[in-house]
Each structure stands twice: as structure tokens, then as C-alpha cells.
Amino acid sequence: MDTTQLIVTLAGVGLLVFVGWFFFLAPHRVAAAVSSSAGIQQVDIMVKGGYSPDVIEVERGKPVQLNFYRDEENSCSEELLLPDFNIRRDLAPFKTTAIEFLPQQAGTFAFTCGMHMLRGSLVVK
Amino acid sequence: METIPDHHPTPAAPAQPAAPAGGTETAMLNIEGMTCASCSNFVEKALSRTPGVQRATVNLASEKATIEYLPGQIDRAGLKAAVEQAGYGVHEPVAPASPNVLASDQELDQRKAEAYLKLKRRFRVAVGLAVVIMPLSMLMLWPRMMNLIPTPLLNYVLLVLTLPVLLYSGREFYVSAWNGFRHRTASMDTLIAVGTGAAFLYSLAATVIPHWFMQRGIMPEVYYDTTATIIALILLGKVLESRAKSKTSAAIKALMGLQAKTARLVRDGQEVDVPIEQVVPGDEVVVRPGEKVATDGVLLSGHSAVDESMLTGESLPVEKKEGDHVFGATLNKTGSFRFRVSKVGAETMLAQIVKLVEEAQGSRAPIQQLADKVSAVFVPVVVMIAIVTFVLWFDFAPEATRLPLALVNFVAVLIIACPCALGLATPTAIMVGTGKGAEHGVLIRNAEALEKAEKVTTVLLDKTGTITRGEPSVTDFLPVNGEATDRLLPLLAAVERQSEHPLAEAVVRYADAQGAAALTATAFQALEGRGASATVDGQAILLGNRRLLDEHQVPMTAAAEQAAAQLLDQAKTVLYAAMGGQVVALIGVADTVRDTSVAAIRHLQQQGIEVVMMTGDNPQTAAKVAEQVGIKRYFAEVLPADKAGKVKELQAEGRVVAMVGDGINDAPALAQADIGLAMGGGTDVAMEAAGITLMRSDLQGVVTAIDLSRQTMRTIKQNLFFAFIYNTLGIPIAAGLLFPLTGWLLSPMLAAGAMALSSVSVLTNSLRLRAYKRTA
């Protein structure tokens, strides 16, 4: 094995470790819902290559309004799925789409894009 | 809640917080110019302080203010002025926001159409340039041409041609990959961006600093053709995908499009056409032949046949008379009528169907779970496989070719591994399947119900209302005194027209169906628990049970006795008619089997499904009906409370039970069953407990539901198989696993073509469900 091969191999291993850590062990951005005066728990979520915040905490038994602002045109994020609440919605680019529902059970529920690549979770307490 | 007027005195006293909700109105304003959270707080405060405003909420993200106000004190214009005074703008939409959920989001549709046009433009540019780049890249195959054009110059020409493909056509992939990177998520765009990016950067280096490569014994080859072709092919895949995807929701769009746009209202005795949004419950609407029924209501006058196939899948028009319910979007065929509006907008049957189908399409199928788990980790894992591929090729290939080979295989792995096919496999089939169901009057609550329905081995039918019509109808009309039927029937029907008893209705329906003349009865008297008496055409008529005749000392003849015994033997209810103190006719009434029941039951049995009947009737009647429809196993004398128990009994035998019922008392059994099918639009309780609702009151719907679920699940399984096979075979081939054995390598361009086709083939397979035709 020559020097170049050694360098490439070591760089490859380093990249592998980086990719694994970067995508699987990364910390999440958690946000708790803000209750409006009308008693609706609101959270604004930015959709741009992912959801930020991507972990949302809400309380059980109170209506939730998730405002998804889709700041891109890529087809990946055009659909939003919240299967535990039977919700499939198209998100228009550069617009806010409000999604309303009533979480009645505690638990963690995933929301994803149409192809399940972008993901976030809704934690109902 | 702030209602304190500060500098604006108001004539009215501030409203009490406990004021009934009915006193206030709610307005939504689109606020312009807010840039931060403090702006929205400011607007909220400004609005809250405005006299007449009970409560104001401002949402920064949606740029909307929701305001509860007292209409007596302030109006929309006043609210707008308050916002403007605070320094912000109010955007008034051209058309007032419709309370109607069915009004499809035109703006969204328009944006989608625009995005599609843009995508096509980007695809055309990529194809146009790739078509030039490809032959130019192959010039090296002709040494004579190579001598004419120096390689460095050619490389620069290719670079200039590739740049627009990269920066215009492929820009989205890089932007999206970068955005995803910042969020620590990776999508298919990441794979495409890294793959084509690597090929391009390598080529760029080979173009700008070729001597660096040559000094290390590597030919400075360029891969501009790979970059351009991959982008063009992936865009082709996207164009096809976007076209096919729009078709998957065609059924629901078609349903929404059925809604009437205007209604002809009767106002102050005048008929006026108004937009459907302005119709409110209580309005009186006129419908002429050939027109759509504007919304849901109750028929006031007139009668007609209405085509309700859009809601129920039933192709025969349904007769409507006074007091009957009519539904929005159905088509009036023959007569004209007036109806009183009972429901509008989101409350209507059509809107509820649309909502139900939409919800089903957003639900998760258990079969999808594995695919979901795989796609969540897919892209990072593929990136890792690609890195390993690169390193292995670099370490083990001959020195002169190791860099290009490592690069080509690295790119091929990234490009072929697109997970779209996996992500599209289940949802597209479910969207088409549920939409198709709605077209046939089969409403599927969620994907799980669809999956359960496929596995059904036993269908348990509640006799009354499912196999049978659930209402008595005349089966025998037997004159016993030498009287002619066509003379007797109008006379008897005239008596029953005055009665409200279900048996009397059955006689009237029978007479109408026979075309009996409508006569008028006088001196009508309903006799509790016995029947009725009246005078028709000068004849005193008695019509009721045996007791009625006995009490009036009407003697039974031998012929009458014999006929009655026969009817009773067939478990029928007998009505006795007497005229002038003599028994003249016997009428046999029974709950009759629906026309379609026999065929539907036979069809289910042919599919290998056991059909079991359950009824509250005595074993004798149960046996008769079971025999009539070809059912071998039945439960008789089942009390409503025991229905769920019977379901459990079958489940204990290891059967997957579908329960079909139509009433509130079926709800526990519907819920207990593996899959519940509520029939005939059902009561709300039954619908709530059922996984599937059949809009049509006949068993054909059960056949359709099970057929459709089987076909949809078959499609999903095919899709998942294709998607998994494609990726599990595609990745190792792209990585060059076959190379040591066969010398095969997968060109990144072929990988791109295969990838584009994979998602399109899955979509096409799902769309095949659109051709589903109801059997029988």
C-alpha cells in the first residue's frame, strides 16, 4: 500500500465516522409549543432541507396548530405526513401551511416528508 | 381579554367576558409587513385594545390575525383601520375566504403547475446540452478528430457547456442537499448532488490542472457527459413522476369537482341564482331536471329520480319524494323539486366523503413500516457504502486507473440508490385504491383497514338490512273471495295511505309499484294494535290483523284459512282485508332479500371466503333466508347485545372476521371484528366503529371492498418488491461487485437511467389500479 492509498483509506474511514455521527448521533432542535390566547398550541416550523425545529413538544388534549413555512421549491419537502393523525398535506413553496389537530394520547409521533426522508417528531405530553 | 376603551369612547358598555359566544363574530385578516415576533405582539396588542374587539390572536408565521369582535361596535373595515394605524397592512384577498372546504386550493394548484413548467424547462435545457456534450466527449474515439481539436480546448468547451446544466438544471439538487446538510438530514438530492458534484469537480480539476494528473501517471479524463446526462435523466424521472403523481389523487379531485357552483334560491317568492358559498341552512332551493343538487337538504315539494352514483356508486337513479333527503353534487334526472337546505360546506355528505378519503390517504399502512425504517437511514448508509466503494477501488485497482475507477463506481452507487421507489410504493397505491373505492361508494377509513380487509376469511352478515332490505314489503297479494286484484288493490291502498304504520307503507309501495289508481279514503280510523278502518268508494274496509276481523265478527272462509296458514308457514306477517263484512284478501308481508344479495354472497364464496349470517329471527326464518341466499352457516335468535360475542366466537376459531352491519346496535360487533363494514351510509355510530363504510345499501359493496383491498395490497407488495430488489441488486452492481467475476461495471449514466425508471415504474404500477372495475 503506497502513501496515497494510505491517505485515501484513512480519509475514507474518517468520512465514514463523520457521516455516521453527523446523521445519526446529531442533537435535535427541540421546541415547545406556545399557547396562544385562544388556547391553541402553536409552533412555527421552517421547512428547508429539513424541519426546524424537528422535535416539537405539545400538551395532550389541547388543539395544536403547526405552521409549516416551506422556504424552498424542492420536491422532497412538498408533502407533509403525520400518519398517526391521518394527515397528508401539500406544502406550497414560500407559504405557510397550517395543520391543526387535537392530540389526545401521549406519545411520540413522527412527521415526515412524502418519502420519509425528512423527519421530525411530535412529543405529546 | 382586553376590552377597555382607552382613548376611544364607545357608546356601548364593554361586553362582559361571560357574554354568549353567539354575540361575537370572528374575522380573519391577512396582515402584511410583520417581520418579527415583536411585530406580531404589537399588532395583537393594538387589536386587543381596539373597542369592540373581544380577543385577538396574531400569528407571525401564517401572517394572520384571528379576531373575535362585537359586530355592533366595530366592523371589518374598523379592524383593518386599527391594524393600519399600528403601521401594518391588511391584505384583502380578491374573493372572500370561502367557508367551504371543498373549494380546492387554487393557489396551490397554480403553484404546482408553475413548478411543473419550471421543472420541464430545466429538463429541456439539460437534455439539449447533454445531447451536444455526449458526442463531443466521444471525440476521443476518433483519433483523427482528436488531432484536429486539442484536448485541453475540448475540455474547456465541455466545461462551458456543462455549467448551465449544473447551475440551472441541477441547481435545486445542490441547494436542497446543502439545506439538508445544515439540518443533518439527507435526501435523494444529497445523493445526486454528491454524485454529480464529485464527477464534475474531478473533471474540473482535470481540465484546469491536467499536468498534475499526468505527473502522477493518470490520464486527465473528464466526466462532463456523466454529470450532464445524470442530471438530464434524473430530471426526466422527476417530470414523469410529477405527472404520474398528479394522477394518483385524481379521484378525490374529481369528487371535489362535482360540487355545484351555484344554487337557485327562492327568496321572497323570487328565484335567484347565488354562488354556493352564500347558501345557508334553512334556504329553499329549486332544482330542475338535469341540474345538480346544490347541497344537502330535505325535499319539500315535487318528486324526481336522482342519480346518486357519485356518492354511492349505485348507478340506478333513486326515487325522491317529499320528506326524503337529497345530497349535494347528485344529479337530478326527471322531475323538478324544491328542498330545504339542511347542511352546507364541510357538513355535507360530499365534503365528509372527501375528508374521509383524504384522511385515509394520509394514514399509515402497517406494511409500510419496514420501508419507512429503511428510508429513514437509507441515504446516510448509501453515502457510507459509496465511500467504502471508493476506498476499495482506490486500494485494489491497477494504479493507472484507480482514481477514475474509484470515482466512477462511487458516483454509480450514489446515483442508483435513490430511495424514491421505496417511499412511493405504498402511499401511491393507497391513494389510488382509496380514491377508486370512493368512486364505487366504498369509503375506506385508513390504510390499516385496507390491509385488514385483504386478509378476511369470514364475512359475518347481519341479516336485517344487509342481506334483506330491512323493511317489510308485500310478497303475496291473495284475493280470496273471487275479487279481482286490480279492483281491490286501489281500495286497500287508499286506506293504508292514511296510516303511518310500516306495514301500511309496504302495502302503499306495493300498490304504487303495481300502478294501482290512487283513491281517497274517508272516515279513516287507526285501530291501535289491530289495523285500520276507512271508507273508500262507498265501501267500508277493514285492514289489519286477525284480531281486527275477529272483533268485527268477520268470518274466515276455508280458502282464507288455508292461504293464511301457508303464509304463516313461510314466516310471513299476514294482513287481513275485509269489505262489507266479508274477508276479501290476504296480504303476505316479509322483509325481502335484496336483489343483489345472492350474487354478492356467491361471489364472496367463490373468493374462498366463508359467509356466515346472524339474525335475531327464529331458527325457522333464519334457515329459510339462509337457504334462499346460499349461506350454510347461520346464527339465529341472536340478541343485539350478543352480536359482538358471535364475532368473538368466529375469531376464536382462528378466522379473520369482517362484520357487515347497518345500525347502532351493530357498533360493538363492528368494532370487535377484524374489519367492520358499515352499510348504507350507516348511522354515525356505526360509521365510527367501522373501518369501511359502504354508501350503497347492498352486499355488492362488500365484494367491491374486499376485491379492491386485495388488488391494492397486491400492488403494494409488487411495488415494495420492485423497490427493495432494485436497491439490493443495484447497489452491489454499481459498487462493482460483479467486476472481478464478469468484468461488469455499471456506468453512472445507466445508473441514472435505471433510477429514473424505478420510481416511474412503481408509480405506473400503482396507477394500474385506476383501471379497477367492479365485479358483477
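Numbered from 1 within each chain, the chains take letters A, B, ... in sequence-line order. Because only heavy atoms are used, hydrogens play no part in the values below, and waters and symmetry mates are left out as well, while side chains stay in.
Proximity to chain A (any heavy atom under 4.5 Å) is shown, for B:F394, by both the backbone and the side chain. For a residue to count as touching a neighbouring chain, one of its non-hydrogen atoms must lie under 4.5 Å from one of that chain's; by this rule B:E68 does not touch chain A. Contact annotation for A:D71: neither backbone nor side-chain heavy atoms come within less than 4.5 Å of a heavy atom of chain B.
Your options are A:L82, A:T112, A:D84, and the one with the most heavy-atom pairs under 4.5 Å with chain B is A:D84. For chain A, the option among B:A186, B:S242, B:A115, B:A177 with the highest count of heavy-atom pairs below 4.5 Å is B:A186. By number of non-hydrogen pairs under 4.5 angstrom with chain B, the leading residue of A:A110, A:P83, A:A92 is A:P83. Chain B forms the most heavy-atom pairs under 4.5 Å with one residue out of A:L80, A:L6, A:L91, A:D2, and that residue is A:D2.
A:L16 pairs by the side-chain contact (heavy atoms from CB on, under 4.5 Å) definition with B:M384, B:I387, B:V388, not counting sequence neighbours. Checked against side-chain contact (heavy atoms from CB on, under 4.5 Å), B:E448 has the following partners two or more places apart in sequence or in another chain: B:P366, B:N446, B:K452.
Note that CD of B:Q361 is 12.5 Å distant from CZ of A:R89, once rounded to the nearest 0.5 Å. Atoms OG1 and CZ, on A:T4 and B:R402 in that order, are 5.0 Å from each other to the nearest 0.5 Å.
The environment of CD in A:Q105 is sparse: at most 12 heavy-atom neighbours from other residues, nucleotides or ligands sit within 6.0 Å.
With A:Q5 contributing its side chain and B:D395 its backbone, the two residues share a donor-acceptor pair below 3.5 Å.
No option in A:V13, A:L10, A:V8 other than A:V8 meets the side chain to side chain contact (heavy atoms under 4.5 Å, CB included) test with B:V391.
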Worked check of side-chain contact (heavy atoms from CB on, under 4.5 Å) between A:L15 and B:F390:
CA-CA 12 Å; A:L15 265 175; B:F390 186 93; over 6 Å; no

Run the numbers on B:E359 and A:R88 for side-chain contact (heavy atoms from CB on, under 4.5 Å), then give the verdict.
CA-CA 7 Å; B:E359 280 187 2; A:R88 169 187 297 272; over 6 Å; no

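Between A:K48 and B:S176, the closest side-chain pair of non-hydrogen atoms is not below 4.5 Å. You'll find the side chain of B:V175 stays beyond 4.5 Å of the side chain of A:E72, heavy atoms only.
The aromatic rings of A:F18 and B:F181 sit tilted relative to each other, their planes meeting at an angle between 30° and 60°.
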